[in-house]
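Before any comments, here is the structure.
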Amino acid sequence: MNPHPDTVMLSFDEPLANDLHARLEHVLGRPVKRLHGVVGMRRAYRLAADLVDTDTFLLADGDFHIHAGFDPAPEPLAEGVAMRVWKATNPVTGRAYGYGGIKLIRREALQHLGEAVDVLAALPGRVEFHEQVAGTTRFDQSPYHAWKAGFREVAMLTRGCEYGAGTDTTREQIRAWANPARGRFISWVQQGASHGAAFARATPEHAPAWEHLNDPRWLRARFDTVQARERS
């Protein structure tokens with residue numbers, strides 16, 4: 001493997017994306033490619049795979065704040081492993097797990113995605129979770145982004161973790177999202193978590209509506225509708 005695989009930041013409308021992209025380049029010490037504004041997570045991931053020139057590449061979300069001391073060792077992925085995920089700290093729960101963490105992904109695996117609500121859970125191959133905490137997921141950038149994070153994650157956790165996490169772990173994560181303890185926009189995270197749980201309970205497991213979670217335009221419209229209803 002290339003000792004320095006390509007790195008891509010995948011952003012959409014995150015207010016801090018430009019700053020976090022610059023920080024990513026500074027900490028890694030090399031250029032980071034950027035894919036911005038693509039609608040649909042599955043399409044965005046496939047386009048990211050088309051953007052790189054190395055067989056594996058690092059992928060960071062547009063709200064990923066990399067820790068200054070993080071240095072992903074160029075250890076190749078083992079046979080049958082499609083993706084390695086480093087942990088990120090959730091700024092409102094204080095927990096660190098795979099949500100929002102930086103990833104090392106096989107380009108070929110992304111080009112053969114299967115179907116899953118959490119899109120990367122459908123990679124053809126195993127997922128390896130690294131214990132190192134690589135950064136913080138800065139979704140707490142606006143009321144909308146905080147709400148969206150709570151809505152999407154709790155909806156998916158309520159439906160059932162597609163990475164194979166145990167029921168007790170999933171319940172603990174849901175409780176943490178529903179009862180954020182610190183940071184900014186706590187009430188918006190809490191509201192999003194409540195709305196996400198309600199969406200999951202009202203939506204059959206295999207309904208097409210689950211694809212809404214990967215459509216930023218639908219999520220924004222849902223947020224605006226809910227806020228307008230609560231103000232009236």
Heavy-atom donor-acceptor pair, [X] side chain to [Y] backbone, under 3.5 Å:
X	Y	value
Arg184	Ala146	no
Glu14	Phe12	yes
Ser194	Gln190	no
Glu25	Val32	yes
Thr137	Tyr99	yes
Arg152	Leu213	yes

* Test side-chain contact (heavy atoms from CB on, under 4.5 Å) applied to Lys103 and Leu120, Val127, Leu123, the passing residue ->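 It is Leu120; the other options fail the test.
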* Is any NZ, NE, NH1 or NH2 atom of the basic residue among Arg222 and Asp224 found under 4.0 Å from an Asp or Glu carboxylate oxygen of the other? ->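 Salt bridge between Arg222 and Asp224, a charged N being under 4.0 Å from a carboxylate O: no.
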* Salt-bridge contact Arg42-Glu211 (side-chain N to carboxylate O under 4.0 Å) ->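 Judged by the 4.0 Å cut-off on N to carboxylate O distance, Arg42 and Glu211 do form a salt bridge.
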Which atoms form the tightest heavy-atom contact between [X] and [Y], and what is the distance?
X	Y	answer
Ala78	Arg106	O-NH2, 2.9 Å
Ala96	Val133	CB-CG2, 3.8 Å
Thr54	His4	CG2-O, 4.5 Å
Ala17	Ser11	CB-CB, 4.0 Å
Asp61	Gly100	OD2-CA, 4.0 Å
Val8	Val52	CG2-CG1, 3.4 Å

* From the options Arg30, Arg34, Lys33, select the one residue that forms a salt bridge (charged side-chain N to carboxylate O under 4.0 Å, His left out) with Asp6. =>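 Per the salt bridge (charged side-chain N to carboxylate O under 4.0 Å, His left out) rule, the option paired with Asp6 is Lys33, out of Arg30, Arg34, Lys33.
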Is any side-chain heavy atom of [X] closer than 4.5 Å to a side-chain heavy atom of [Y]?
X	Y	value
Gln191	Gln227	yes
Lys87	Glu131	yes
Leu20	Met9	yes
Glu172	Arg95	yes
Lys148	Asp13	yes
Gln111	Asp50	yes
Trp210	Thr203	yes
His145	Asp63	no

* Asked: Would Arg107 and Thr56 count as having a side-chain donor-acceptor pair, cut-off 3.5 Å?
  ->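 Not at all, the side chains of Arg107 and Thr56 share no donor-acceptor pair under 3.5 Å.
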* Asked: With a 3.5 Å cut-off and no angle check, do the side chains of Thr136 and His65 form a donor-acceptor pair?
  ->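 Thr136 vs His65: no donor-acceptor pair found between side chains.
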* **side-chain contact (heavy atoms from CB on, under 4.5 Å) assessment of Leu104 paired with Met83** => CA-CA 6 Å; Leu104 180 67; Met83 176 173 69; over 6 Å; no
Quick one: pull up [atom1] in [X] and [atom2] in [Y] and give me the separation to the nearest 0.5 Å.
X	Y	atom1	atom2	answer
Asp71	Gln132	CG	CD	8.5 Å
Asn90	Arg138	CG	CZ	11.5 Å
Leu35	Leu47	CG	CG	6.0 Å
Asp55	Ile105	CG	CD1	14.0 Å
Leu28	Ile102	CG	CD1	6.0 Å
Leu157	Thr170	CG	OG1	6.0 Å

* Shared hydrophobic cluster, Phe70 / Leu16 (ILVMFWY, side-chain heavy atoms < 4.5 Å) ->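 Same cluster.
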* Asked: For the hydrophobic clusters of this structure (ILVMFWY residues joined by side-chain heavy atoms under 4.5 Å, transitively), does one cluster hold both Phe199 and Val226?
  ->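 Result: no, two separate clusters.
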* Please check if atom CD in Glu108 has more than 12 non-hydrogen atoms from other residues, nucleotides or ligands closer than 6.0 Å. =>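 Incorrect, the count does not exceed 12.
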* To do: May I ask you to check whether over 12 heavy atoms, not counting those of Arg220, lie within 6.0 Å of atom CZ?
  =>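 More than 12 heavy atoms, drawn from other residues, nucleotides or ligands, come within 6.0 Å of this atom.
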* Just one of Trp147, Trp177, Phe151 clears the ring pair (Phe, Tyr, Trp, His ring centres under 6.0 Å) bar with Phe139, so which one? ->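 One option only clears the test, and that one is Trp177.
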* Asked: Ring centres of Trp188 and Tyr144 under 6.0 Å apart?
  ->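 Trp188 vs Tyr144: aromatic centres not under 6.0 Å.
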* Asked: Is the distance between the ring centroids of Phe64 and Trp86 under 6.0 Å?
  ->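 So the answer is no for these two rings.
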* Asked: Between Val85 and His130, is a side-chain contact (heavy atoms from CB on, under 4.5 Å) present by the stated rule, with each step listed?
  -> CA-CA 6 Å; Val85 182; His130 200 285; over 6 Å; no
* Starting from the C-alpha separation in whole Å, work towards a yes-or-no answer on side-chain contact (heavy atoms from CB on, under 4.5 Å) for Leu10 and Tyr45. => CA-CA 8 Å; Leu10 192 60; Tyr45 287 134; 3.6 Å; yes
* **Trace of the side-chain contact (heavy atoms from CB on, under 4.5 Å) decision for Asp215 with Val39** => CA-CA 6 Å; Asp215 183 346; Val39 175; 4.0 Å; yes
